[in-house]
Participant: 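Next up is a structure, given as structure tokens.
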Amino acid sequence: MSTSSQPQFRYTQTPSKVLHLRNLPWECAEEELVELCKPFGKIVNTKCNVGANRNQAFVEFADLNQAISMVSYYASSSEPAQIRGKTVYIQYSNRHEIVNNKSPADTPGNVLLVTIEGVEPNEVTIETIHLVFSAFGFVHKIATFEKAAGFQALIQFTDAETASSARNALDGRSIPRYLLPDHVTSCYLRISYSAHTDLNIKFQSHRSRDYTNPYLPVNPTAMEGLMQPVVGPDGKKQEPQSNVLLASIENMQYAVTVDVLHTVFSAFGTVQKIAIFEKNGGTQALIQYPDVTTAAVAKESLEGHCIYDGGYCKLHLSYSRHTDLIVKAYSDKSRDYTISAPSFATQIPGMPAAPNVWHNLQGVPAHHGTDYSASSAIQAQPPAGQIPAWDPNFQARPPYESAPGQTYQASSVPSYVNPATPPGSSPSSQVGASSMSMQQQPWANVRQGGAPEPGQPPHGQ
DNA sequence: AGCACA
């Protein structure tokens with residue numbers, strides 16, 4: 001009973017001016033479909049990225065004969081229909097028109113609507129957006145704003161061709177990680193077309209730019225945005241250094257006290273002041289060193305590492321804009337060691353000493369479900385090659401595949417890892433050392449060199 | 001490699 005109800009074969013299907021195409025390359029662009037089909041007639045509609053794999057499409061010709069000519073051409077051709085080298089299978093659709101649900105978002109224009117997922121608006125500067133999208137052509141204007149969909153940007157190119165090349169290359173991809181604050185783990189771009197053709201930018205500000213009119217007035221209330229980290233000529237983020245570090249503490253399962261922070265950060269030099277505060281529902285701390293060099297060493301060494309074994313209380317460090325903290329000399333959230341007895345540096349009240357707490361990350365399963373698979377997709381297609389290699393070592397670490405969270409971390413943590421290198425000695429010679437050794441060497445080894453005994457976290461509870 | 005507003 002079932003055999004007679006099986007789907008029909010191609011040659012028994014009734015012709016339709018709508019063709020069904022399958023086995024397309026992933027997210028095949030409409031332009032590619034049109035390129036393939038237009039020799040046979042006028043295309044009046046398309047529907048792309050159909051099916052679970054988004055590798056099917058429909059093309060509707062103006063006339064039935066045009067569809068027939070295409071099907072019969074490839075039925076007898078020795079060369080199969082191909083897009084990007086993949087054989088495309090063509091047959092008549094079982095419908096006779098494409099229901100047109102095309103939104104303006106799918107209609108190419110010179111202005112892109114970009115939704116930047118997974119970041120706070122202040123974490124992606126307009127310079128970063130400009131840098132990424134300039135790889136495809138001259139960016140005329142950028143306007144950023146916050147909507148329910150998240151942080152969004154309108155990006156105006158010269159023409160729809162340039163815009164679509166940017167869209168095709170970047171949609172679903174992530175902004176390179178080194179252009180983002182260290183604690184941002186993923187940041188995906190969702191790109192559609194805007195119905196705008198010309199953005200009306202009133203001011204140069206941290207939210208909007210008109211690159212065609214550099215003399216546009218700067219919005220005075222938006223000036224602070226211009227003071228954000230700048231992108232240098234090499235495309236690297238250039239954070240202004242500071243003797244004060246801003247630490248964001250991720251996955252804070254255990255209390256992080258001033259004393260714990262003091263112990264951790266004292267491994268790299270004298271800690272002058274510490275302040276702990278809450279921001280955006282997370283815990284942050286400012287740690288003041290006497291000089292920028294010490295802060296830089298601490299930052300490089302500790303970035304991405306966890307205070308406690310098991311991925312707890314993971315540190316993300318950046319430079320603060322502050323240079324001298326004004327803090328209460330002694331409170332549960334702050335400490336000023338410059339006016340306290342120096343014995344504070346080694347005496348930690350309420351913190352029984354135990355040497356066994358500075359575990360490394362080895363064998364710790366990934367504690368985030370984050371999937372970084374898209375990062376390799378990026379690697380395959382950086383925007384027009386303007387941006388240097390994402391991470392040449394990324395693919396070469398099979399042991400890390402079961403722990404993507406750490407893979408990524410390791411690849412982006414150029415901390416010095418040689419246990420023979422005490423804190424304070426030149427970190428630059430160790431930058432870029434294999435993250436393999438980092439995985440095997442507990443970061444606590446960094447402490448070798450006479451750091452005070454660490455406090456006992458509530459490990460194992 | 002086999003049909004789309006869900």
Side-chain angles (χ1 to χ4, degrees), chain A residues 1-109 112-115 117-118 147-150 152 160 164 167-168 171-173 188-195 371 373-374 377 380:
Chain A
M1 55 177 176
S2 61
T3 50
S4 61
S5 62
Q6 287 299 307
Q8 294 173 303
F9 294 106
R10 171 182 1 183
Y11 44 83
T12 65
Q13 281 186 295
T14 54
S16 162
K17 60 188 190 335
V18 180
L19 299 182
H20 175 226
L21 294 85
R22 56 205 154 80
N23 200 36
L24 296 165
W26 184 74
E27 295 211 335
C28 170
E30 181 186 39
E31 291 79 4
E32 297 173 286
L33 283 179
V34 171
E35 231 20 68
L36 177 71
C37 301
K38 74 177 180 200
F40 301 94
K42 179 170 171 51
I43 295 151
V44 297
N45 210 348
T46 63
K47 186 169 181 62
C48 306
N49 298 327
V50 166
N53 295 329
R54 294 170 67 78
N55 63 351
Q56 301 173 38
F58 297 93
V59 172
E60 180 176 340
F61 283 99
D63 189 82
L64 177 65
N65 291 328
Q66 295 167 348
I68 293 173
S69 75
M70 183 166 183
V71 169
S72 42
Y73 173 84
Y74 284 112
S76 59
S77 167
S78 54
E79 294 291 312
Q82 286 189 333
I83 290 179
R84 278 187 245 164
K86 279 195 79 175
T87 296
V88 176
Y89 299 89
I90 303 169
Q91 59 189 170
Y92 299 114
S93 172
N94 52 26
R95 301 195 199 176
H96 288 86
E97 64 175 356
I98 292 177
V99 328
N100 198 353
N101 62 334
K102 222 183 236 183
S103 67
D106 302 318
T107 312
L112 295 177
L113 172 62
V114 180
T115 304
E117 298 177 349
K147 277 281 178 64
Q152 294 190 308
S164 75
R167 194 198 85 104
N168 292 338
D171 190 18
R173 301 241 146 77
Y188 294 101
L189 302 172
R190 298 288 163 213
I191 306 179
S192 60
Y193 296 101
S194 164
D371 181 6
S373 56

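Note that this is a predicted model, so its numbers are computed, not measured. Throughout, a chain's letter reflects where its sequence line sits, starting with A, and its residues are numbered from 1.
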Participant: Identify, with sequence neighbours excluded, every residue that meets side chain to side chain contact (heavy atoms under 4.5 Å, CB included) alongside A:D63.
Facilitator: A:N65, A:Q66
Participant: What is the distance, rounded to the nearest whole Å, between atom NZ of A:K17 and atom P of B:dC3?
Facilitator: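 Nearest whole value for this atom pair: 21 Å.
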Participant: Go through the structure and list residues passing side chain to side chain donor-acceptor pair (under 3.5 Å) with A:Q56, not counting sequence neighbours.
Facilitator: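 Side chain to side chain donor-acceptor pair (under 3.5 Å) list for A:Q56, sorted by chain: A:H20.
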Participant: If I take atom NE2 in residue A:H96 and atom C1' in nucleotide B:dC3, what distance separates them, rounded to the nearest angstrom?
Facilitator: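 Rounded to whole Å, this separation is 13 Å.
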Participant: Can you list the residues that meet the salt bridge (Lys or Arg N to Asp or Glu O under 4.0 Å) rule with A:E97, with sequence neighbours excluded?
Facilitator: none
Participant: From the list B:dG2, B:dC3, B:dA4, which nucleotide is the closest neighbour of the side chain of A:R95?
Facilitator: B:dA4
Participant: Tell me whether the ring of A:Y89 lies stacked over the B:dA1 base, given a 5.5 Å limit on centroids and a 30° limit on the plane angle.
Facilitator: yes
Participant: Roughly how far, to the nearest 0.5 Å, is CD1 of A:I90 from CG of A:N23?
Facilitator: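 Atom-to-atom, A:N23:CG and A:I90:CD1 are 11.0 Å apart.
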Participant: For A:K47 and B:dA6, what is the distance between atoms NZ and C1' respectively, to the nearest whole Å?
Facilitator: 10 Å
Participant: Using whole Å, what does the distance between atom C1' of nucleotide B:dG2 and atom CD of A:Q91 come to?
Facilitator: 6 Å
Participant: Taking side chain to side chain contact (heavy atoms under 4.5 Å, CB included) as the definition, give me every residue that meets it alongside A:S69, ordered by chain and number, with sequence neighbours left out.
Facilitator: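 Counting only residues at least two positions away or on another chain, A:S69 forms a side chain to side chain contact (heavy atoms under 4.5 Å, CB included) with A:F40.
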Participant: Provide, to the nearest angstrom, the distance between the CD1 atom belonging to A:I90 and the P atom belonging to B:dC3.
Facilitator: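 Spelled out: CD1 on A:I90 to P on B:dC3 is 16 Å.
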Participant: Without decimals, in angstroms, what is the distance between A:D106 CG and B:dC5 C1'?
Facilitator: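 In whole Å, B:dC5 C1' lies 13 Å from A:D106 CG.
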Participant: CG of A:L21 versus C1' of B:dC3: gap in Å, rounded?
Facilitator: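 So the CG-C1' distance, A:L21 to B:dC3, works out to 11 Å.
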Participant: Are the side chains of A:Y193 and A:S164 in contact, using a 4.5 Å heavy-atom criterion?
Facilitator: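 A:S164 vs A:Y193: side chains touch.
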Participant: Want to settle it: does A:K86 or A:I98 sit nearer the 5' end of DNA chain B, counting the closest nucleotide to each?
Facilitator: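 In this pair, the answer is A:K86.
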Participant: Please list, in numerical order, the residues of residues 48-60 of chain A that have a heavy atom closer than 4.0 Å to any atom of DNA chain B.
Facilitator: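 Heavy-atom cutoff 4.0 Å gives A:V50, A:Q56, A:F58.
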Participant: What is the nucleic acid contact for A:N23, judged by heavy atoms within less than 4.0 Å: base, sugar-phosphate only, or nothing?
Facilitator: sugar-phosphate
Participant: Pairs in or reaching into residues 73-86 of chain A: which pass salt bridge (Lys or Arg N to Asp or Glu O under 4.0 Å), with residues at least two apart or in two chains?
Facilitator: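 The answer is A:E32-A:R84.
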Participant: Among B:dA1, B:dA4, B:dG2, which is the nearest nucleotide to the side chain of A:V18?
Facilitator: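 The listed nucleotide nearest to A:V18's side chain is B:dA4.
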Participant: Measure the distance from CG on A:L24 to C1' on B:dA1 and round it to the nearest whole Å.
Facilitator: 11 Å
